[in-house]
Amino acid sequence: MLPLQSSIFKAYDIRGIVGSTLDADIARQIGLAFGAAVRAKGETTAVIGRDGRLSGPQLSAALAAGLQQAGVDVIDLGMVATPLVYFGTHVLGAQSGVMVTGSHNPPDYNGFKMVLAGEAIYGETILDLHRAIVGGAALQAAAGMKAGNYRTHDIGPAYLQRIAGDVKLARPMKIVVDCGNGVAGAFAGELYRMLGCEVEELFCEVDGTFPNHHPDPAHPENLQDVIRALQTGPAEIGLAFDGDGDRLGVVTKDGQIIYPDRQLMLLAADVLTRNPGREILYDVKCTRHLAPWVVEHGGKPLMCKTGHSLVKARMRETGAPLGGEMSGHVFFKDRWYGFDDGLYAGARMLELLSRESDPSAVLNALPQSISTPELQLQLAEGENFALMEKLQREAEFPGARDIIEVDGLRVEYADGFGLARASNTTPVIVMRFEAESDAALQRIQAEFKRVILAAKPDAGFSF
């Protein structure tokens, strides 16, 4: 048995390395603590599922045992994409759920994404689980409790039918789908065929070792197979998914990657036709072209912190019909339930593109500037938050038009922006830059280097 380490309790989920910081006993303790939290909310049932990782069955079984020990009835969906667990919390009479997933992390990682009484938990609520285990409150709450029941349930058909019954394509489409051997592969091909697509499947066999490429569409190297398939085959658009199916990547026929902030433009224009004047949420990493686009289409742009749980919480507060993150999480409340779902976002994207004779031309015409991918400044554990606080206090940016401190520092100039924020999951400062010219990009990057080196002279940059 491994000792329980506080480091696995992250900002939006619990995540560790199997055999090093995570094992079946820890999974059972997490189930026990989460079960106590479920009972404290007046709930009696939880939905669970797992992705395709090799450690999934063992961790999922231990999680179920802990939940049952806490007196919670378990509905086990088996191997599913994360959105199917979220879907289960809306349709199975149980508002709490746990997905056993390592998301896009390497194969030896696994973890838990949690919904408690209808809300994706984050921050202190996750740390409360750690405290309940260490302090013995979880065990105390389960004392004398009648063990919960356990049953399995195949939710796939209901999920697929719910989408196929609502999303209608204007014409049949030929598409490429790359699941990177993640669990989305168990559902994507069938879903898009139900919508009337001819689907070329790449790496849709679920394999927790990810033998072909990493299942993370946020990085261009993981989209090269889709790009090649589009170049050599008849498909007109490519979709790619992360390891647990809650994030979407889009590639055009001519091999252009349409990053999620530009995907959000197309989706927002459609959603605002039914929800005029409403908020469209987007995180601090998104393009500066998004806000004016939303305004132009009759909506209210609302910038928020990065993190799928944080965006979902903000969506509940505002009642926004749509939200999105640069990482690829897209949240539809319009015609859907408000959770992030890459498979559903792909269906909605195809619905819009099927109305066009040349989908790639429509996507490529969306406003864009020169931009960098996410750049990372590697630091010691905890140092990223201290450095970020120091920068917010001391850094000066002459010539800046606006400095936004929603999440880190986003510095807006007339010709671009720079962003630095502390990652909530790893000890890094995440940076991103966008500008109207290479010269402007280099100037803004130089400004950020200058203020970071003033605060930390030994900082090492990848740009």
Side-chain angles (χ1 to χ4, degrees), residues 10-15 27 30 34 46-53 55-57 59-60 63-64 75-92 94-105 107 109-116 118-122 126 153-156 158-160 162-163 177 179-188 191 204 206 208 210 214-218 239-249 260 307-312 315 323-325 327-332 336-347 425:
K10 309 290 187 184
Y12 323 122
D13 53 28
I14 298 171
R15 200 180 311 161
I30 289 166
F34 186 78
V47 177
I48 68 169
R50 57 181 166 83
D51 69 14
R53 286 162 194 271
S55 58
L59 294 180
S60 182
L63 172 75
I75 305 173
D76 188 349
L77 306 182
M79 190 177 74
V80 292
T82 292
L84 278 78
V85 167
Y86 297 156
F87 179 71
T89 65
H90 287 272
V91 301
L92 293 178
Q95 292 193 73
S96 297
V98 183
M99 176 69 184
V100 180
T101 177
S103 187
H104 59 278
N105 287 88
Y109 279 75
N110 217 325
F112 308 89
K113 290 181 179 177
M114 295 159 287
V115 179
L116 179 60
E119 297 187 8
I121 66 171
Y122 59 92
I126 289 177
H153 179 75
D154 180 7
I155 201 169
Y159 170 82
L160 296 171
R162 168 67 176 80
I163 299 174
V177 169
C179 294
N181 299 108
V183 74
F187 303 94
L191 172 61
C204 287
V206 181
F210 309 133
H214 205 55
D216 186 356
L239 304 180
F241 301 94
D242 69 335
D244 66 329
D246 59 8
R247 294 192 291 126
L248 172 69
H308 68 92
S309 299
L310 304 177
V311 179
K312 277 180 272 206
M315 282 187 73
E325 285 190 285
S327 61
H329 293 274
V330 181
F331 314 81
F332 284 93
W336 197 237
Y337 302 91
F339 57 76
D340 39 335
D341 184 340
L343 294 161
Y344 180 74
T425 51

Original post:
Partners of A64 by side chain to side chain contact (heavy atoms under 4.5 Å, CB included), sequence neighbours excluded?
Top reply: I48, Q68, V74, Y150
Subject >> D13: side chain to side chain contact (heavy atoms under 4.5 Å, CB included) partners, not counting sequence neighbours >> reply: K10, R15, K113
Closest approach of [X] to [Y] (non-hydrogen atoms, all atoms of both residues):
X	Y	result
A81	F187	N-CE1, 3.7 Å
P83	D244	CD-O, 3.6 Å
F241	G342	CE2-O, 3.3 Å
A184	C179	C-SG, 3.7 Å

As an exercise, state the distance from [atom1] of [X] to [atom2] of [Y], rounded to the nearest 0.5 Å.
X	Y	atom1	atom2	answer
T82	D340	OG1	CG	8.0 Å
T89	L116	OG1	CG	11.0 Å
H153	L84	NE2	CG	10.0 Å
L343	I163	CG	CD1	6.5 Å
I126	I14	CD1	CD1	6.5 Å
W336	H90	CH2	NE2	9.0 Å

**OP:** Assess whether side chain to side chain contact (heavy atoms under 4.5 Å, CB included) is satisfied between F331 and K312, documenting all intermediate values.
**Re:** CA-CA 7 Å; F331 314 81; K312 277 180 272 206; 3.6 Å; yes
Original post:
Taking the six-membered ring where the residue is Trp, are the ring centres of F339 and H308 under 6.0 Å apart?
Top reply: no
Original post:
Ring centres of Y337 and F87 under 6.0 Å apart?
Top reply: yes
**OP:** Would you check if the side chain of D341 reaches a backbone N or O of A345 as a donor-acceptor pair within less than 3.5 Å?
**Re:** no
Original post:
Hey, does the side chain of S103 reach the backbone of N105 with a donor-acceptor pair shorter than 3.5 angstrom?
Top reply: no
**OP:** Would you tell me whether N110 and S55 have side-chain atoms, one donor and one acceptor, within less than 3.5 Å of each other?
**Re:** yes
Original post:
Taking atom types as modelled, is there a side-chain donor on R247 or H104 under 3.5 Å from an acceptor on the other?
Top reply: yes
Please examine the side chains of [Y] and [X], heavy atoms only from C-beta on, and report whether any two atoms are closer than 4.5 Å.
X	Y	answer
V115	I121	no
V80	V183	no
I155	I75	no
R50	T101	no
D51	M99	yes
S96	V47	no

**OP:** Show your working on side chain to side chain contact (heavy atoms under 4.5 Å, CB included) between L310 and Y12 and close with a plain yes or no.
**Re:** CA-CA 8 Å; L310 304 177; Y12 323 122; 3.9 Å; yes
Original post:
Do other residues, nucleotides or ligands put more than 12 heavy atoms under 6.0 Å from the CZ atom of F210?
Top reply: yes
**OP:** Report the C-alpha distance between D76 and S60 in whole Å, list the side-chain angles of each, state the deciding distance to 0.1 Å, and finish with yes or no for side chain to side chain contact (heavy atoms under 4.5 Å, CB included).
**Re:** CA-CA 9 Å; D76 188 349; S60 182; 4.3 Å; yes
Original post:
Going by the angle between their ring planes, with limits at 30° and 60°, are F332 and Y344 parallel, tilted or perpendicular?
Top reply: perpendicular
**OP:** Given side chain to side chain contact (heavy atoms under 4.5 Å, CB included), test Y122 with M114 step by step and report yes or no.
**Re:** CA-CA 9 Å; Y122 59 92; M114 295 159 287; over 6 Å; no
